[in-house]
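Since the structure comes first, as C-alpha cells, the remarks are kept for the end.
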Amino acid sequence: MPPVAEIRSALLAWYDRHARVLPWRSPPGSGERPDPYRVWLSEVMLQQTTVPHATPYFLEFTRRWPTVVDLAAAPDETLMAAWAGLGYYARARNLLACARAVAVDHGGVFPDTEAGLRGLPGVGPYTAAAVAAIAFDRPANVVDGNVERVMARLFAVETPLPAAKPELTRLAATLVADRRPGDWAQALMDLGATVCRPKSPLCERCPVAFACAALTTGAPDAYPRRSQKADRPRRRGFAYVLRDGRGRVALVRRPEKGLLGGMRGLPTSDWSDAPAPAPPVAADWCELGEIEHVFTHFHLTLRVATAEGDWPDAVWVDEVEAAQALPSVFRKALALSPGPRAPRRGGRRST
DNA sequence: CATCCGTGGGA
DNA sequence: TTCCCAAGGAT
C-alpha cells in the first residue's frame, strides 16, 4: 500500500513553497478563492497549450472582457480574431457558447459543482474537475496529462497510454481528499510541469520521490509507457494572396466545422496528397514560394501565389489588421508575400 | 475507442 | 532536422 497520507502532505508542503505565480491563480493556503470566470478561462486556454503561449491571451481577454457576461456579449468575429494564433479553434467557439450559456441560463454565475460544469460547452471531464476543485474547493479528481504522468511514475504503471487512462484516473482518485482540494490539484499539475517533466525529470528535487516506484526502476522517464504513434501524412495545396492595390487583401470565412473552423483565412485550393492544382481564378499570378506548417495530424506544404484580382465571397480587409486575426498558417503565407508598401519582384525558390 | 483539431518551444 | 508533446473535448 502506498503511503497516501505522507504523499499528500509532502506534496502540499512542496506546493506551499514552490507554487508558480500565475495570473489566474491565488496564492496557496491563502484561503482566497479565485474568480471562477478566470479559472475557467485559463483552463480552456491551457488545454493542450503551454503556459507561456496562453498567458498573453489570458491577460488580453480578461482586460477586454472582465466578466463572463462581458465575454458573452462579444461578437463571434471579434472573439475568433482575439483567439487567432492560439490554435484548436473549436475551443473559441465553445468558449463563447459556454459564456452565453452561463449568462443566459445561469444568471451569469458559473455552476459550482463538477456535474453542473460538465454540461457546459467545451467543458469536459478535466475542465469540470479543475474548475470545481480550484474555484469551488470541491474534492474533484483532476486528471490531465501531467497527473497521468505523475501517477504512471509513482506507481510504475506498465499499461501504455492511452489505454492506461482509466487506471491512471483510478490511481489519482486514491490521493484526492477533502483538505485543500484546489491546492492539491494544482500541486500535482505543477509537479508534473516543473519536476516530474516528460523528459529529464528532476527526481532529486521531487517531494514524493520517497514513494516513487518508477524511480526505483532506474528509468523514471520511461513512464508513462506509450503505444506507437501514427505518422503524419503530407498534404499539398495553394494559398492565394489577392490584393486590391490599396493595402487590402481578400479573406474568406472558413466553414464552422473542421480544420480552422469559423476562422478567417486566405483563399486556398483543396489540400490533398496529390500535387497542388493550378490557381482556379484567371489572373496574372506570381508564385512567391512555399511554406511548411504542421497540424496535429498532417504536414502541409503550401505554395503561395499572389495577384491583383477578386475572389468569390471574399471580404476585403486591411492587410495589417488581417494578419492579426489569422491562424498561424495564414500568417506565414502572408508574411511570405511582400506587401504593397514593400514591393519585391520575383519569388523565392524552394531549391 | 479512434479520429479530428493548432501551435511553438525544446531536445 | 526531426521528433516530442502541453493544464482536452467533441464526435
Side-chain angles (χ1 to χ4, degrees), chain A residues 19-20 22-25 38-58 80 83-95 97-98 117-135 140-150 161-166 169 172 182 184-194 196-201 221 224 226-235 254-263 265 271 291-300 326-332:
Chain A
R20 289 181 292 175
L22 300 170
W24 47 84
R25 177 177 280 183
R38 295 166 63 89
V39 174
W40 162 75
L41 180 61
S42 68
E43 290 301 342
V44 174
M45 286 184 168
L46 288 166
Q47 288 167 7
Q48 302 291 284
T49 306
T50 60
V51 166
H53 192 191
T55 297
Y57 286 86
F58 176 84
M80 297 307 284
W83 193 274
L86 201 45
Y88 283 130
Y89 297 97
R91 289 186 297 170
R93 300 193 300 273
N94 287 329
L95 188 82
C98 181
L117 290 158
R118 185 65 180 79
L120 295 168
V123 177
Y126 163 75
T127 304
V131 175
I134 297 169
N141 188 22
V142 181
V143 183
D144 70 338
N146 283 315
V147 178
E148 288 178 356
R149 183 171 57 257
V150 172
L161 281 173
K165 194 171 174 58
T169 299
W184 172 253
Q186 293 175 96
L188 218 37
M189 292 190 283
D190 264 25
L191 185 77
T194 65
C196 197
R197 309 182 295 191
K199 299 172 186 171
S200 313
D221 59 326
R226 290 185 187 278
S227 38
Q228 69 172 43
K229 55 177 195 252
D231 53 340
R232 291 192 256 240
R234 178 171 300 283
R235 297 185 190 170
R254 299 179 61 84
E256 281 302 311
K257 298 194 171 187
L259 189 72
L260 308 175
M263 297 297 291
W271 298 344
I291 59 150
E292 289 289 328
H293 194 75
V294 182
F295 291 99
T296 308
H297 54 294
F298 66 95
H299 292 263
L300 178 66
L326 291 176
S328 293
V329 62
F330 296 122
R331 291 186 193 176
K332 283 186 193 173

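Letters A, B, ... mirror the listed sequences (proteins, then strands); counts begin at 1.
- Judged purely by distance below 3.5 Å, without hydrogens or angles, the side chains of A:Q47 and A:R91 never pair a donor atom with an acceptor atom.
- With C:dC5, B:dG8, C:dG9 as the candidates, the nucleotide lying closest to the side chain of A:T127 is C:dG9.
- Atoms NE2 and CZ, from A:H53 and A:F58 in turn, are 15.5 Å apart once rounded to the nearest 0.5 Å.
- If you check C:dT11, B:dT7, C:dA6 against the side chain of A:K257, the one that comes closest is C:dT11.
- Between A:Q48 and C:dG8 there is a side-chain N or O to OP1 or OP2 distance below 4.0 Å.
- With B:dG10, C:dG8, B:dC5 as the candidates, the nucleotide lying closest to the side chain of A:K199 is B:dG10.
- The distance from atom CG of A:L95 to atom CG of A:L41, rounded to the nearest 0.5 Å, is 6.0 Å.
- A:G192 comes within contact range of no nucleotide atom at all, as no heavy-atom separation falls under 4.0 Å.
- When rounded to the nearest whole Å, the span between CZ of A:F298 and P of B:dG6 equals 9 Å.
- When each of A:A163 and A:R91 is assigned the nucleotide of DNA chain B bearing its nearest heavy atom, the one mapping closer to the 5' terminus is A:A163.
- Nucleotides of DNA chain C nearest to A:V123 and A:H299 differ in position, and the one nearer the 5' end is that of A:H299.
- Between the CG atom of A:L46 and the P atom of B:dG6 there is a distance of 18 Å, rounded to whole Å.
- Evaluation of atom-type donor-acceptor distances gives no pair under 3.5 Å for the side chain of A:Y126 against the base of C:dG8.
- Rounded to whole angstrom, the span from the CH2 atom of A:W83 across to the C1' atom of B:dT7 amounts to 12 Å.
- With B:dT7, C:dG8, B:dC5 as the choices, the nucleotide that has an atom nearest any side-chain atom of A:Q47 turns out to be C:dG8.
- For A:F295 and A:H297, the gap between ring centers reaches or exceeds 6.0 Å.
- Of all nucleotides listed (B:dT7, C:dA6, C:dG9), C:dA6 comes nearest to the side chain of A:R149.
- For A:R232, counting side-chain heavy atoms from C-beta on, the closest listed nucleotide (C:dC5, B:dG6, B:dT7) is C:dC5.
- When distances are taken from the side chain of A:Y88 to each of B:dC5, C:dA6, C:dA10, the shortest belongs to B:dC5.
- To the nearest whole angstrom, the two P atoms, one in B:dG8 and one in C:dG9, are 22 Å apart.
- A:E148 places its CD atom 9 Å from the P atom of C:dG8, with the value rounded to the nearest Å.
- When the side-chain nitrogen and oxygen atoms of A:R226 are compared with OP1 and OP2 of C:dC5, one or more of them lie within a distance under 4.0 Å.
- Closest to the A:P327 side chain, of the nucleotides B:dT7, B:dG6, C:dG8, is B:dT7.
- Nucleic acid contact for A:L22: base, since at least one base atom lies under 4.0 Å from a heavy atom of the residue.
- Atom C1' of nucleotide C:dG9 and atom CG of A:D144 are separated by 14 Å, given to the nearest angstrom.
- The heavy-atom pair separating A:R254 from A:L260 by the smallest distance is NE-CB, 3.3 Å.
- Mapping A:L120 and A:Q186 onto DNA chain C by nearest heavy atom places A:Q186 closer to the 5' end of the strand.
- Contact annotation for A:V329: backbone-only contact, meaning every heavy-atom pair under 4.0 Å involves sugar-phosphate atoms and none involves a base.
- Across A:L46 and A:A54, no two heavy atoms sit closer than the pair CD2-CB, 3.9 Å.
- At a threshold of 4.0 angstrom between heavy atoms, the contacts of A:P52 with the nucleic acid are absent.
- A:R20 comes within 4.0 angstrom of a base, heavy atoms only.
- Counting only heavy atoms from C-beta on, A:H297 has its side chain closest to B:dC4 among C:dG9, B:dC4, B:dT7.
- Using a 30° and 60° split on the angle between ring planes, A:W271 and A:F330 fall in the tilted class, from 30° to 60°.
- Phosphate proximity of B:dG8 to A:S328: present, with a side-chain N or O under 4.0 Å from OP1 or OP2.
- Per the geometry, CG belonging to A:L161 stands 10 Å off P belonging to C:dA6, to the nearest Å.
- Residue A:T50 places its side chain closer to C:dA6 than to any other of C:dA6, C:dG8, B:dC5.
- Nucleic acid contact for A:G261: none, since no nucleic acid atom lies under 4.0 Å from a heavy atom of the residue.
- Residue A:V142 is out of contact with every strand shown, counting any heavy-atom pair closer than 4.0 Å.
- Using a 4.0 Å heavy-atom cutoff across all strands shown, A:L86 reaches at least one base atom of the nucleic acid.
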